[in-house]
Amino acid sequence: LNVSGSNLVLNCLGHRVSYGNASDTYGINVSVANTNVTVTNCTVIQTLPYATSHAIYQVGGNTNNFSRNNLTTIGTGAAGLYVTGSGDTFWFNNVSTNGSGGANPVALGSAGNNFTNNTFGSKASIGINIAGGATGNVFDFNFINASAEAVSDVSGSGGGNNYSRNDIYVSASAINALNFDTAPTLVLFLNAIRHAGGGGTDYAVAFADTDPTNVSSNNITSDNGKALSVTSTGFQSFNNSYSSASTGMSFWSGTTANSSNDTIYSLGNNVSLTGSLSNITFLNTTLNLSKINYGSGINSILFKWYVRLNV
């Protein structure tokens with residue numbers, strides 16, 4: 001189904017759009033440089049498992065609205081929402097993908113989009129896959145259930161993607177649940193993140209070259225692996241809860257970071273410090289000092305606690 005033109009409304013009224021009789025075909029195609037298009041109340045189902053056949057294909061347009069759609073794909077590389085337009089809004093959509101090899105509920109390659117109150121489910125691919133140049137996007141109040149990484153963000157030098165108030169669950173092993181690489185000025189706020197399937201070398205959240213990053217008021221849990229990995233400068237963690245079966249927070253060589261008012265609980269090390277590190281500060285952080293693993297090359301680690309007295 002092709003939507004060609006601007007200022008149009010496609011309201012399927014719950015009716016079904018079946019597609020997928022060949023590779024590189026799409027359920028709803030908004031691929032021209034359209035603006036102010038609304039697609040709502042559509043049930044879009046891929047019936048045959050052809051590759052790269054996306055449920056909604058939005059390339060080149062901007063300021064469009066996609067709401068209350070139910071999208072299902074089964075092919076390899078068949079995304080639910082394939083988006084390279086900018087300034088679009090996605091809200092109250094239910095997106096489920098069953099294929100591998102890039103069958104992401106959200107495959108995003110553009111800036112300034114808003115995803116709110118959606119449900120994203122993936123059985124074999126990354127949930128939200130953000131490519132280089134996809135900056136200034138907002139993910140708010142979404143539920144993400146993935147059997148691979150829930151989020152892979154390699155947005156690049158512009159950075160600035162915002163993940164707030166999402167409920168994220170990952171059941172797979174041998175992966176990081178949320179993986180942020182070269183995605184600076186990122187915000188991770190008030191999310192519930194659970195990595196249920198991780199192993200000893202897997203992290204619930206991993207940051208690499210994402211400086212600076214603001215991580216605040218999240219509940220981050222790894223049932224079998226580690227909670228947090230940081231290889232960045234200017235990393236800021238405030239009022240988070242880190243819980244894991246292995247290690248709570250891991251800081252790697254070259255990292256500078258500040259942990260304030262965090263709570264760290266782990267059956268293994270509360271904190272692991274590896275390589276050449278300086279300017280790592282813990283301020284009013286709740287942790288067990290006997291469960292800190294100090295590697296070689298540590299230069300400056302500072303712990304501070306303040307006590308408020310009424311006099």
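Residues take their numbers from the sequence shown, with the count starting at 1. Since we're looking at a predicted model, the values are computed, not measured.
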Checklist entry - Looking just at side-chain N and O atoms, do Asn2 and Ser4 make a donor-acceptor pair shorter than 3.5 Å? => result no
Next on the checklist: Over 60° means perpendicular and under 30° means parallel, so tell me whether Phe235 and Phe251 are parallel, tilted or perpendicular.
Outcome noted: perpendicular
Checklist entry - Centres of the Tyr26 and Tyr19 rings: under 6.0 Å? => result no
Next on the checklist: Tell me whether Asn137 contacts the main-chain N or O of Asn113 through its side chain, where contact means a donor paired with an acceptor under 3.5 Å.
Outcome noted: yes
Checklist entry - Are side-chain heavy atoms of Ile301 and Leu273 found at a separation under 4.5 Å? => result yes
Next on the checklist: Using a 6.0 Å distance limit plus a 45 degree cone around the ring axis, check whether Arg194 lies over the aromatic ring of Tyr169.
Outcome noted: no
Item to check | Check: Asn129 and Tyr82 side chains under 4.5 Å, non-hydrogen atoms | outcome: no
Item to check | Distance-only donor-acceptor check, side chains Asn288 and Asn270, under 3.5 Å | outcome: no
Next on the checklist: Within the structure provided, determine whether Glu149 and Leu178 are in side-chain contact (heavy-atom separation under 4.5 Å).
Outcome noted: no
Next on the checklist: Once you measure the plane-to-plane angle for Phe66 and Phe90, does it fall in the parallel (<30°), tilted (30-60°) or perpendicular (>60°) bin?
Outcome noted: parallel
Next on the checklist: Is there a side-chain contact between His15 and Thr43 in this structure, where contact means two heavy atoms from C-beta onward sitting under 4.5 Å apart?
Outcome noted: no
Next on the checklist: Any side-chain to backbone donor/acceptor pair from Asn269 onto Ile292? Under 3.5 Å, distance only.
Outcome noted: no
Checklist entry - Are Thr285 and Asn261 close enough that some pair of their side-chain heavy atoms sits under 4.5 Å apart? => result no
Checklist entry - Is a side-chain donor or acceptor of Asn142 paired with a backbone partner of Phe115 at a separation under 3.5 angstrom? => result yes
Checklist entry - In terms of heavy-atom contacts, does NZ of Lys291 have more than 12 from other residues, nucleotides or ligands at under 6.0 Å? => result yes
Checklist entry - Pick one: which of Pro49, Ser23, Ser100, Ser125 meets side chain to side chain contact (heavy atoms under 4.5 Å, CB included) with Thr76? => result Ser100
Item to check | Ring centroid separation Phe180 to Tyr163 under 6.0 Å | outcome: yes
Checklist entry - Any idea which heavy atoms bring Ser237 and Tyr242 closest together, and the distance? => result OG-OH, 2.7 Å
Checklist entry - Can you tell if the side chain of Val3 reaches within under 4.5 Å of the side chain of Ile28, non-hydrogen atoms only? => result yes
